Amino acid sequence: MNFKKTKRYLFIAVLFLSIFVITSCKPRVYKKAGLLKSIPLHIIIVSRSEPKWDTIFKYVDSQTSLLDHRNILSPLNKLNSTGRAVMPDEIIRIIREALKIAGESGGAFDPTIFPLTKLWDFDHGGKLPEKKGIERAKKLVNYKLLKISDNNTVVLPKGMGLDLGGIAKGAIVDGIADYLNKLGYSQFLIEAGGDILMQGLKLNAKWKIGIKHPRKDNEYVTVVSLGRKDKDKNSAAEARASRISIVTSGDYERYFEKDGVRYNHIINPATGYPAHGAVSVTVISDSCIRADALSTAAFVLGYKKGLEFLKKQAGTSGLIIREENGKLQAEEINNFPAVLDELDL
Ligand code: AMP
Ligand code: MG
């Protein structure tokens, strides 16, 4: 082989190698499914290499255990069984956010709903409690009686308890997003049982999010396109600003039927019975914790009051669906990105 030929072969080899290196380093979409306790969790990350899934899911497990009042090692469990517990800062932050939404919703959202949710027992499929029991438990639900002292000690009167089920999923999803940022990922989607957070775009396009049909399994009333491009990938503040969260609370998530009546897992603290003014509430907001709490709150408030409540929430839009005589009807607030006439109700 002469020198000229060798040089040409070498040149072609280097060219192919460079093309291979460039294409293999191109960002790709990676997906992984897992569990948030018993709730399905999906994480999609745009990355140049396989994400560090083990590290990510270990973090998810630690947060889920911390925030689960059923976990006997969690401070929430201690609070519910003894009336007093010292909480880590992250739980205090969530409790404070829950108390804020409780105040704004006039107590429709109430994190001290525990005595009632324990009675309805939706963790084990749900059961219709006796009226007397409901009346007794109702008196033990009042977020105004929860006290937080300077050293993070939370105190509740005897018989009361905390159930952060209406806000914890959103808080955990926000926490996962912060953790993914720490690991250096800036474009991703996290979905945990109806709570979704997106940061940045899916490669170069918006994310497509289906809003579940409340009465037809595996069907959507609409699909919305969401996503915000981050202006500067290296700035943590910019990355956070490119987040959008969308959360749905629905009466189809957990319910049982008795004598033709549907009893769902979201309880109206005023009556002690499941809220029935809406069948599905979807909220879009800048954080998942907020979208989560607001959707549960609006669900309890029902169609009209829920819409009025969401209207007052800055940076938030919503879609509420109700059922009247077997027919579904929808209303949106603050420019929710769906055309009402085009919904598949
Ligand atoms: P979500 O699916 O986010 O709407 O939350 C439903 C969960 O919130 C229930 O499973 C309970 O753990 C909790 N919950 C039920 N009723 C209320 C209420 N009125 N206020 C706050 N949390 C509630
Ligand atoms: Mg919620």
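Since this is a predicted model, take the numbers as computed values, not measurements. First listed ligand is number 1; within each ligand, the first listed atom is number 1.
In terms of polar-atom proximity, Asp292 is counted as a contact of ligand 1, with an N or O under 3.5 Å from an N or O of the ligand. On a distance-only criterion, Ser295 and ligand 1 share no N/O pair closer than 3.5 Å. Residue Glu253 has at least one N or O atom closer than 3.5 Å to an N or O atom of ligand 1. Polar contact check, Arg254 against ligand 1: a nitrogen or oxygen pair lies under 3.5 Å apart. Looking at Ile266 next to ligand 1, no N or O pair under 3.5 Å apart turns up. In terms of polar-atom proximity, defined here as any N/O pair under 3.5 Å, Ala108 does make such a contact with ligand 1.
Contacts between Asp110 and ligand 1 below 4.0 angstrom, taking non-hydrogen atoms only, involve the backbone exclusively. Only the side chain of Pro269 comes within contact range of ligand 1, with a heavy atom under 4.0 Å; no backbone atom does.
Using a cutoff of 4.0 Å between basic side-chain nitrogens and carboxylate oxygens, Arg240 and Asp178 are scored as salt-bridged. Using a 4.0 Å cut-off between charged side-chain N and carboxylate O, Glu135 and Lys138 make a salt bridge.
Geometrically, Arg254 does not engage Phe122 in a cation-pi contact, judged by NZ or CZ lying under 6.0 Å from the ring centre and within 45° of the ring axis.
Under a 4.0 Å criterion applied to the non-hydrogen atoms of His265, ligand 1 contributes the atoms 2 (O), 6 (C), 9 (C), 10 (O), 15 (C).
Dense packing is recorded around CD of Glu257, with more than 12 heavy atoms of other residues, nucleotides or ligands lying under 6.0 Å away.
In this structure, His69 has its ring center under 6.0 Å from that of Phe114.
The OG1 atom of Thr296, the Mg ion (ligand 2) and the O atom of Gly166 define an angle of 90° (nearest 10 degrees).
Closest N/O/S atom of Asp292 to the Mg ion (ligand 2): OD1.
Nearest protein heavy-atom neighbour of atom 19 (N) of ligand 1: Ile267 O, 2.7 Å.
Contact analysis leaves Phe122 out of contact with ligand 1, as no non-hydrogen atom separation drops below 4.0 angstrom.
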